[in-house]
Amino acid sequence: MNLFDKIGGRPTLINISKRFYDKVYNHSWLGLYFKNTKQSVIESQQVDFMTGALGGPRIYGGRMPFDAHIHLNINHDLFDLRQQLLLEAFKEENAPQILVDRWLKIEEAFRGQIIKRNISECQKRYFTDEILDFTDPNQHKVS
Ligand code: HEM
């Protein structure tokens with residue numbers, strides 16, 4: 001049995017992705033990057049992508065991470081923040097440790113393709129595309 005089947009297959013990935021993107025869309029900074037993206041669409045793309053990456057059927061037909069994020073100015077802080085929300089989602093869904101380890105390893109492997117040093121590394125993917133670049137709205141607030 002491969003890892004995909006071992007961890008409960010597609011239903012497990014659907015539950016984690018839903019939990020995760022609920023957090024992402026509600027986040028005051030990370031959520032801004034998703035203003036042009038429908039949550040149900042990104043959830044199913046994420047599930048399809050991780051299905052193939054975890055040894056299940058190769059059904060993902062979208063852009064690969066470099067091309068999918070070329071219009072997004074993403075720095076390490078934002079990438080780390082996203083990972084924190086992912087860890088919370090794993091915990092709340094009681095994800096098996098073997099899945100957590102593999103999923104984080106896969107995402108970490110794409111970090112260098114997704115992170116930008118500055119906005120000059122961003123490009124529109126098509127003519128009417130929008131380059132998205134936001135600073136953390138809370139970074140200057142005293143908590
Ligand atoms: C801070 C880090 C990240 C941010 C802010 C982010 C944001 C986004 C956004 C806004 C989209 C939708 C683009 C659109 O609507 O056209 C997207 C697509 C996607 N992202 Fe991410 N992402 C991040 C990291 C990752 C990582 C680490 C992975 C997995 C390796 C990933 C996998 C995907 C996939 C598979 C898609 C769908 C691509 C497509 O078909 O166009 N993302 N991401």
Side-chain angles (χ1 to χ4, degrees), residues 2-141:
N2 65 29
L3 181 62
F4 175 72
D5 294 324
K6 243 183 243 160
I7 55 94
R10 194 169 176 89
T12 302
L13 300 187
I14 288 176
N15 292 340
I16 293 169
S17 295
K18 166 95 179 78
R19 182 79 73 164
F20 170 58
Y21 282 110
D22 280 350
K23 292 176 187 296
V24 167
Y25 274 73
N26 280 315
H27 194 275
S28 58
W29 184 25
L30 188 52
L32 300 172
Y33 286 82
F34 290 80
K35 72 185 184 91
N36 298 328
T37 307
K38 203 167 178 255
Q39 189 176 342
S40 58
V41 173
I42 188 85
E43 279 179 23
S44 61
Q45 279 172 318
Q46 175 80 24
V47 168
D48 290 352
F49 181 84
M50 288 312 295
T51 294
L54 294 167
R58 297 189 164 271
I59 50 177
Y60 178 68
R63 296 181 174 93
M64 289 309 284
F66 178 81
D67 299 309
H69 303 88
I70 188 89
H71 63 307
L72 304 174
N73 195 10
I74 296 170
N75 64 18
H76 284 286
D77 287 349
L78 190 67
F79 196 95
D80 293 344
L81 166 68
R82 179 182 178 280
Q83 234 163 37
Q84 255 176 45
L85 299 184
L86 187 57
L87 284 171
E88 286 175 18
F90 287 143
K91 208 169 169 187
E92 287 166 23
E93 288 296 325
N94 290 314
Q97 195 56 42
I98 185 170
L99 173 60
V100 173
D101 293 345
R102 181 71 79 81
W103 187 316
L104 289 176
K105 206 171 165 192
I106 292 163
E107 297 223 344
E108 205 50 57
F110 287 106
R111 182 187 280 261
Q113 295 185 25
I114 289 175
I115 296 287
K116 316 289 186 301
R117 273 167 298 186
N118 57 60
I119 198 167
S120 72
E121 294 184 351
C122 293
Q123 271 174 42
K124 291 183 179 190
R125 295 162 302 167
Y126 45 86
F127 188 68
T128 57
D129 200 13
E130 190 184 349
I131 289 176
L132 298 181
D133 176 34
F134 304 102
T135 48
D136 182 352
N138 292 311
Q139 73 183 353
H140 299 303
K141 285 189 194 153

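Whatever order the structure lists them in is the order used to number ligands and atoms, beginning at 1.
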Atom 4 (C) of ligand 1: nearest protein contact (heavy atom, Å): Ile74 CD1, 3.6 Å
Any N/O pair Asn36/ligand 1 closer than 3.5 Å: no
Closest protein heavy atom (residue, atom, distance) for atom 21 (Fe) of ligand 1: His69 NE2, 2.0 Å
Atom indices of ligand 1 within 4.0 angstrom of Gly62 heavy atoms, with elements: 40 (O)
Protein residue, atom and distance nearest to atom 3 (C) of ligand 1, heavy-atom basis: Arg82 CD, 3.4 Å
OH/Tyr25: more than 12 non-hydrogen atoms of other groups inside 6.0 Å: yes
Those atoms of ligand 1 less than 4.0 Å from some heavy atom in Arg125: 13 (C), 14 (C), 16 (O)
Polar atom proximity, His71 to ligand 1 (N or O, under 3.5 Å): no
Salt-bridge present (Lys91, Glu88; N to O < 4.0 Å): no
Contacting atoms of ligand 1, where contact means under 4.0 angstrom from a heavy atom of Tyr60: 35 (C), 37 (C), 38 (C), 39 (C), 40 (O)
Closest approach of any protein heavy atom to atom 9 (C) of ligand 1, naming residue and atom: Phe34 CE2, 3.6 Å
Proximity to ligand 1 by part of Leu30, non-hydrogen separation under 4.0 Å: side chain
Closest approach of any protein heavy atom to atom 41 (O) of ligand 1, naming residue and atom: Arg63 NH1, 3.5 Å
Lys/Arg N to Asp/Glu carboxylate O, Asp101 vs Lys105, below 4.0 Å: no
